[in-house]
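Down below is the structure, laid out as structure tokens.
So that the names make sense, note that chain A is the first sequence line, chain B the second, and so on, each numbered from 1.
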2 protein chains.
Amino acid sequence: MDSINIKDIARLCGVGVSTVSRAINNHPDINPETKNMIMQVIKENNYIPNNSARNLKRTDSRAIAVLIKGIGNPFFSKMIRVFEEEIQKKKYSFILQRVDEHEDEVDVALELIKEKKPRGIVFLGGYFSHSKEELEQLTVPYVLSTIGMTDYSGELPDFSCVSVDDYAESYKMTDYLCKLGHEKILILTAAPDDESIGRLRLEGYKKALADNGIPPSLSLIIYSEECEECYTMDNGYRMMDRVLKEKRDFTAVYAISDSIAIGACKAILEHGKRIPEDYCVAGYDGLDIARYYNPSITTIRQPVEEMAKATIKILFDVIKNKAEHQKKVFKAELVEGESTRRVT
Amino acid sequence: MDSINIKDIARLCGVGVSTVSRAINNHPDINPETKNMIMQVIKENNYIPNNSARNLKRTDSRAIAVLIKGIGNPFFSKMIRVFEEEIQKKKYSFILQRVDEHEDEVDVALELIKEKKPRGIVFLGGYFSHSKEELEQLTVPYVLSTIGMTDYSGELPDFSCVSVDDYAESYKMTDYLCKLGHEKILILTAAPDDESIGRLRLEGYKKALADNGIPPSLSLIIYSEECEECYTMDNGYRMMDRVLKEKRDFTAVYAISDSIAIGACKAILEHGKRIPEDYCVAGYDGLDIARYYNPSITTIRQPVEEMAKATIKILFDVIKNKAEHQKKVFKAELVEGESTRRVT
DNA sequence: TTGTAGGCGTTATCAA
DNA sequence: TTGATAACGCCTACAA
């Protein structure tokens, strides 16, 4: 890299490097004229400061890092937008870091902390179950946002989280279907070994059935065969198609994500059945597509925007020592679509 | 940051820092026993090398950077997955960098080059119209992947690109609708000042109409009112709703993206009309949802996976001096869905 | 208001 | 196979 650096600029301007540095970083104690002159030269020479060198030296980064596992999840798209807005409002910069499905998010965070020295971290997506010891290495305040996690109720590590109560909301949806008169409710859920939201939503479903006096039926619990891509339309289609070929008996389908629900709808329709007349379908998440699908899908709408805002607010409160870490649970809304109806 | 560094490790191991460095970086000339011992100590002390320092010093990064404008575009999700796979196969690491809608992707690239020294860059999304001068600063080989761009045919800068011919494919779809007997084809397109794929697809539409002897009608060209989020379902819904309230005369709707098409479908259905009996609808992109929607949407399926693979292949060919830069244009496939039909 | 010099944590060079 | 040391490009005391 024979590229231009701060020293070159200093030489070109006939000033010291620190003066150039001051110009770049909007330091107060610098002569405006000098500054303008320097900025001019910088522009003319297309000088770009090296971030690695800056990060290396700096202690103060004024940045928030968002680590996201499962980019491409449409549910996160909106959150990211809000994160960016809110973070910009605070005059912080926004570092978005993708975490691979097989990667350990805490490892990634640890690396990032050293590299970029963010003031705070948001974990989005994935499942959070790390040893207290591992978590203690996270020297930067962090918030878990809409993320499944193990129960740290024993001695809880020091972090915040923002989420909905997947168990309760899933209960709500199942209960809603029961109250509509459904007694044979099929659930399309994650893989059997899922320990995250998949399990929570399944448990909520079971409890609601029990409370409505409906005996559980193993043949109505459809587990995903794969772990990786289990919340997709493709997977929903495959699961539903399989079920329909087996001619099981049910009147409603509850899919633990809207994407799964849509795949399921298509399978039902392709089998020549109608929704909601032959089968009712319900989803979970409240994606835009749930509203735009035909029929629109009854779903649990998570208050994405408020959750994202709360995430950032809490994080900044902690950063600025305005408040302690907190666990915030949002209420989701059951949105009735055209995909469900009362049965006798 | 009173965190542990390479010197501490060296001291703890009773070796020099360079030996530790060799251990970390899998250098060949190091005693395996020494190496094991060092790695052991590193693990025990949770030592994580500082990437900023590494990047600062290193010349050889073995990384490919993908710059993406419009993360959250479902069309890109698949591409990213393929990029990651292909890049990993080559034992390179994968840097995903988001570019804000208002940011200049070349500026971001320039900064990234200094910071991380990637061996190659992929630009994904957005619109590419930069001065030759600006482009020349890009000292790293790059590929434009599915990205709209100005015509550099004069003196073309030295880069590759991979895309479909938006003009031709749009022509194909419009021509298809014409051949089905449609003469009044409404197009839902981008904002009037769009210079990117929006314009190309519109031009393809116009040409196809002309070639089919259909006089152009301004009242059938519906421009998006906003630029930002114009390829969304929301926008499609709004545009179509507006049109339907105005009771214009048409038999088919061609939306320049599947998302717009879906929003449009919903609006049509909510107005009590049927698809394809009352209005036919066609989209563009070939998203999964086009297949899963009800009715499934006739669309132009871009060969996402092949395009992504080609992008990486070309990039590596250039990096390894195996080949010159090239412009590769893929053929897209018109997928017939249930949303269109022949009219008399 | 400005310049000089030292150090951030690492890798590369060179000598041992 | 190792170790000392000089960069990498920048920021920040401290001195001027």
Give T34(B) one of three labels, base, sugar-phosphate or nothing, depending on what nucleic acid heavy atoms sit under 4.0 Å from its own. sugar-phosphate

Distance alone, cut at 3.5 Å: any donor-acceptor contact between the side chains of K114(A) and S3(B)? yes

E33(B) CD to dT1(D) P: how many Å, rounded? 11 Å

Please report, rounded to the nearest Å, how far the P atom of dT10(C) is from the CD atom of E115(A). 12 Å

When the distance from CG of N26(B) to P of dT11(C) is rounded to whole Å, what number comes out? 11 Å

Nearest to side-chain heavy atoms of T19(A), which nucleotide of dT10(C), dA12(C), dT2(C): dT2(C)

When you measure from the centre of the six-membered ring of F123(A), is the NZ or CZ of K69(A) under 6.0 Å away and within 45° of the axis? no

Rounded distance in Å - CZ (R22(A)) to P (dA13(D)): 11 Å

Expressed in angstrom and rounded to an integer, what is the separation of R62(B) atom CZ from dT11(C) atom P? 16 Å

Taking E85(B) first and then K89(B), would you say they form a salt bridge - that is, a charged N and a carboxylate O separated by under 4.0 Å? no

Does S21(B) have a side-chain nitrogen or oxygen under 4.0 Å from the phosphate oxygens OP1 or OP2 of dT10(C)? no

Dump every N/O contact between nucleotides 5-8 of chain D and the protein below 3.5 Å, one line per pair.
| unit_1 | atom_1 | unit_2 | atom_2 | d |
| --- | --- | --- | --- | --- |
| dA7(D) | N3 | K57(B) | NZ | 2.7 |

Does N25(B) have a side-chain nitrogen or oxygen under 4.0 Å from the phosphate oxygens OP1 or OP2 of dT11(C)? yes

Separation of dC11(D) atom C1' from I6(A) atom CD1, nearest Å, is 8 Å

Side chains of R54(A) and N25(A): is there a donor and an acceptor less than 3.5 Å apart? yes

Divergence of helical axes at both termini of the helix from dT1(C)-dA16(D) to dA16(C)-dT1(D) - five pairs an end, 10° steps: 30°

Quick one: H27(A) NE2 to dC11(D) C1', roughly how many Å, whole number? 8 Å

Can a donor-acceptor pair be found between the side chains of E111(B) and N51(A) at a distance below 3.5 Å? yes

Starting at CG of N51(B) and ending at P of dT10(C), how long is that distance when rounded to a whole Å? 9 Å

Using a heavy-atom cut-off of under 4.0 Å over every strand shown, decide if D29(B) touches base, sugar-phosphate, or nothing. base

Let's go through S21(B) and I6(B) carefully: what are the C-alpha distance in whole Å and the side-chain angles of both, what is the deciding distance for side chain to side chain contact (heavy atoms under 4.5 Å, CB included) to 0.1 Å, and is it a yes or a no? CA-CA 8 Å; S21(B) 178; I6(B) 198 172; 4.0 Å; yes

Decide if atom NZ of K7(B) counts as having more than 12 heavy atoms of other residues, nucleotides or ligands within a radius under 6.0 Å. no

side-chain N/O R54(A) vs dC10(D) OP1/OP2, d < 4.0 Å: no

Apply the test side chain to side chain contact (heavy atoms under 4.5 Å, CB included) to residues L315(B) and T311(B): give CA-CA distance (whole Å), side-chain angles for both, the deciding distance (0.1 Å), then the verdict. CA-CA 6 Å; L315(B) 189 56; T311(B) 299; 5.7 Å; no

When you measure from the centre of the six-membered ring of F316(A), is the NZ or CZ of K322(A) under 6.0 Å away and within 45° of the axis? no

